[in-house]
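Report on the following structure.
So that the names make sense, note that chain A is the first sequence line, chain B the second, and so on, each numbered from 1. Both backbone and side-chain heavy atoms feed into the values below; hydrogens, waters and symmetry mates do not.
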Protein chains: 2
Amino acid sequence: MTKRLTTIDLLRRHSLPSLVQGQLEEMILAGSLTPGSQLTEIPLSLQLGVSRGPVREAFRGLEEKGLVRVEKNRGVFVRTISPVEADQIYEVRVALELLVVAKLAADPGRLAQAKFDALLDKAERMASKGDFAACHACNVEFHDHLVQGTGNAALLDTYRRLVGELSLFRHRAHARIRDASSLRASVADHRAILSAILAGDAAAARRRIRRHVEASRSRTQRLLAAAGTSKD
Amino acid sequence: MTKRLTTIDLLRRHSLPSLVQGQLEEMILAGSLTPGSQLTEIPLSLQLGVSRGPVREAFRGLEEKGLVRVEKNRGVFVRTISPVEADQIYEVRVALELLVVAKLAADPGRLAQAKFDALLDKAERMASKGDFAACHACNVEFHDHLVQGTGNAALLDTYRRLVGELSLFRHRAHARIRDASSLRASVADHRAILSAILAGDAAAARRRIRRHVEASRSRTQRLLAAAGTSKD
DNA sequence: TGTTTGTAGATTGTCAACAATATTCTGGGG
DNA sequence: CCCCAGAATATTGTTGACAATCTACAAACA
């Protein structure tokens, strides 16, 4: 009990609700809280060492963020995203990423190339080692850094929200990334996209990112279809 | 029998926090709560006839929605959006609207043309009557219905969030729309965009919506610049 | 046997009181 | 006259308790 409190005490600068929200968000995005599962207030508040109030406030934030679904007098549940919803999210994401690479290609000088190269190298190393989760994390971070590079806060917020919901969908699909070839293909895509951006070739960058994200979309859809036939 | 039940049921379905959040959101978007002003819990809870708990929960939702800013131990304030932030939001909005008209133009049959025509006619009537606020509302609704027409829930959510933040910016700029010519120009733009969509001409629709939103962007920026020099 | 109804338990919804923090005001000193 | 320390006030942060609602189970009846 005391140990649990220290973890929260060390971060006293943030209010309790925001801490709880961050913790829950992390667990949801990591998949330790599976989509569809119920989040009961009392066990959570006991587990986190806080009262129900902050937990409820965190629920509100998570609901607005699209990570949980609240049913009055019933409870809150980790949001489940249907294949069509995921497809729609992907559609918006493509539009955003097109804007991202176009902006970056218009001014490639501002991009910290070393950071991206390091990220891509690490992704390949992880893939070689067979650590697919780490490789996937690198790939996700590559996209995120790309969006960060635009310097557009609204764009970054919007993008992250969509990606968060998509990761939710990936968990629902039980789609653990085990396919080394697709991971390597992603890294190769990323290299091509990056080079197009650095060359200032917006058209090529747009073409490549579109193909890249569309491939991810159809791949995820296929994975869910396979998982769906077996159980759901 | 059904009438009373539905009203009761609708009230029972929404929890107090969601009611409060909706009320506050309405007030913020309408401009009756001006950007930068503080929202104190006790007066609000007294005014709305509820306790502080629901109000706090509503604050969390509004914060995640980007309508208020929360400072720990200081209070919550209606969010103020800077010109650069507004510009960035507009940039994302353009990307979304491009997707919207492209999707609609790809399948114009699904669009309820009568609804849009009625909306445009009403907008012109309001402009002629000198009711600029109503005309502006019609124009906003036109865009919203366009996005609704895509049938993409994620796209609609994302779009509405951005538009909400932009309306916040308009209030900050004290930019009451009084310019009849720009309002009429917007209606004319809308007619052109709609006809391009109905003709299935995606390229023309994209070109026109881009010019249209970009015009709105620069106009809003100019209005704020003018207001900024005079007072702020 | 199947349905229904009542009851017990659990969970959420709401509230009012208490604690912690920030802001304001006031009095004294330089 | 200005500045600073310290109390007074106001506001937020958090908690525990109480009320309302839903769920699950079991007993009674057709």
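In this entry the distance linking CG of Asn73(A) with P of dT21(D) reads 7 Å, nearest Å. One interatomic measurement links the two molecules: CD of Gln38(B) to P of dA10(D), which rounds to 14 Å at whole-angstrom precision. Atom NZ of Lys72(B) is separated from atom C1' of dG13(D) by 7 Å (rounded to the nearest Å). Computed from coordinates, the Glu71(B) CD to dA10(D) P distance equals 21 Å when rounded to whole Å.
In this structure, Arg74(A) does not reach the dG13(C) phosphate: none of its side-chain N or O atoms is under 4.0 Å from OP1 or OP2.
Note on Glu57(A) versus Arg60(A): no salt bridge recorded, every NZ/NE/NH1/NH2 to OD/OE distance being 4.0 Å or above.
For Leu16(B), the listed nucleotide lying nearest its side chain is dC15(C); candidates were dT12(C), dC15(C), dT14(D).
When atom types are taken as modelled, the side chain of Arg110(B) and the backbone of Gly149(B) share a donor-acceptor pair closer than 3.5 angstrom. A distance-only check finds a donor-acceptor pair linking the side chain of Gln88(B) to the backbone of Ala153(A) [under 3.5 Å].
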Mind running salt bridge (Lys or Arg N to Asp or Glu O under 4.0 Å) on Arg79(A) and Glu165(A) for me, showing each step along the way? CA-CA 9 Å; Arg79(A) 182 175 168 196; Glu165(A) 296 180 359; 3.4 Å; yes
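For the contact set between residues 40-62 of chain B and DNA chain D, defined by any heavy atom under 4.0 Å, the members are Thr40(B), Glu41(B), Ile42(B), Arg52(B), Arg56(B).
The aromatic rings of Phe142(B) and Phe116(B) sit perpendicular to each other, their planes meeting at more than 60°, with 30° as the lower class boundary.
Scanning all heavy atoms of the two residues, the minimum distance from Ala123(A) to Cys138(A) falls at CB-CB, 3.7 Å.
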